[in-house]
Enquirer: 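Here's a structure for you.
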Amino acid sequence: MVEVDFSLNVQFCEVSMVGLHWKNSQPVLHHALMSTITICQCTAQGTNISITASSSAIILQENSISRCSGYQLQLPLLSVMSFPGDRSTLQIIDCNFSDNFGPVVFVGSVHTATIVASNFEGNRVSSDRKIITAQVSHLRILSTRFVRNSGNLLGLADDDSSASLEVSGCKLNIKKGSDFDIYSKRSGPSCLKVG
């Protein structure tokens, strides 16, 4: 693990980052434009970090982000959007998001957005925000654990957004306007809040 303090803007190329660690550093901003970004086995702790992408493919695998917030107030830790006619994809695999403040994931007009085998624990958002938001996108969440999060977990920003969730053996298909509060015997009350 190499401790680093840098920001990166990527356009029209492929970048892989492996084994990097941001801790108590200056604000970090990664912006990808029409690129492919793979971030694997990296950590960020106690810093301001935002990964933003436009019309790009983003893969996060085996990463841990804890006690962080967005680069600017209320900016998500991870934001992926597409320009009209372009396609973005997002894959979050076996990642841990814990004790962060503010929105964690935003997807807008994303062709494929999947969160698999990940952990969201102790994250907090203000009452008007969501930890995960989908806009004009379908979001699939599989084998993912949600524990002790404060505030609304999932927001669908428009009628063209939907989400499929498989959490603790429970499968849900959700459209905008749905409101769920699911109780899990393992995790206790408010295991999953969708609004």
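Worth knowing before you read on, the calculation uses all heavy atoms, side chains too, and leaves out hydrogens, waters and symmetry mates. Keep in mind that what you see is a predicted model, and the values were worked out from it rather than measured.
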Enquirer: Please name all residues satisfying ring pair (Phe, Tyr, Trp, His ring centres under 6.0 Å) with His30, sequence neighbours left out, ordered by chain then number.
Expert: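 Only Trp22 meet the ring pair (Phe, Tyr, Trp, His ring centres under 6.0 Å) criterion with His30.
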Enquirer: With a 4.5 Å cut-off on side-chain heavy-atom distances among I, L, V, M, F, W and Y, is there a chain of contacts connecting Ile92 to Ile37?
Expert: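 Yes, because Ile92 and Ile37 connect within a single hydrophobic cluster, where side-chain heavy atoms sit under 4.5 Å apart.
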Enquirer: Ser35 and Gln11: which non-hydrogen atoms are nearest, and at how many Å?
Expert: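 Looking at all heavy atoms of both residues, the shortest contact is OG-C, 3.4 Å.
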Enquirer: What verdict does the side chain to side chain donor-acceptor pair (under 3.5 Å) test give for Ser88 and Ser82, after you've listed the backbone C-alpha separation in whole Å, the side-chain angles of each residue and the deciding distance to 0.1 Å?
Expert: CA-CA 5 Å; Ser88 289; Ser82 287; 2.9 Å; yes
Enquirer: Residues two or more places apart in sequence or in another chain: which of them pass ring pair (Phe, Tyr, Trp, His ring centres under 6.0 Å) with Phe106?
Expert: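 Here no residue qualifies.
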Enquirer: Taking only residues two or more places apart in sequence, or in another chain, which ones meet Thr43 in a side-chain hydrogen bond (donor to acceptor under 3.5 Å, both in side chains)?
Expert: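 Partners of Thr43 under the side-chain hydrogen bond (donor to acceptor under 3.5 Å, both in side chains) test: His21.
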Enquirer: Could you report the tightest heavy-atom contact between Val125 and Ile131, atom names first, then the distance?
Expert: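 Shortest heavy-atom contact: CG1-CG1, 3.7 Å.
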Enquirer: Measuring only between side-chain heavy atoms, which start at C-beta, is Gln74 closer than 4.5 Å to Pro103?
Expert: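 SC-SC contact between Gln74 and Pro103 confirmed.
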Enquirer: Are Leu78 and Leu20 linked, directly or through intermediate hydrophobic residues, by side-chain heavy-atom contacts shorter than 4.5 Å (ILVMFWY only)?
Expert: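 As far as the 4.5 Å side-chain criterion goes, Leu78 and Leu20 are connected within one cluster.
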Enquirer: Considering only residues two or more places apart or on different chains, which pairs with a residue in residues 66-101 satisfy ring pair (Phe, Tyr, Trp, His ring centres under 6.0 Å)?
Expert: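 Applying ring pair (Phe, Tyr, Trp, His ring centres under 6.0 Å) to every pair that reaches into residues 66-101, excluding sequence neighbours, yields Phe97-Phe120.
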Enquirer: Return the set of residues passing side-chain hydrogen bond (donor to acceptor under 3.5 Å, both in side chains) with Asp99 (not counting sequence neighbours), or none when no residue passes.
Expert: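 Applying side-chain hydrogen bond (donor to acceptor under 3.5 Å, both in side chains) to Asp99 gives none.
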Enquirer: Could you pull out the closest heavy-atom pair between Ser55 and Asp86, with the gap in Å?
Expert: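 Closest pair (atom of Ser55, atom of Asp86, distance): OG-CB, 3.1 Å.
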Enquirer: Output all residues satisfying salt bridge (Lys or Arg N to Asp or Glu O under 4.0 Å) with Glu121, sequence neighbours left out; order by chain, then residue number.
Expert: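 Here the qualifying residues are Arg145, Arg148.
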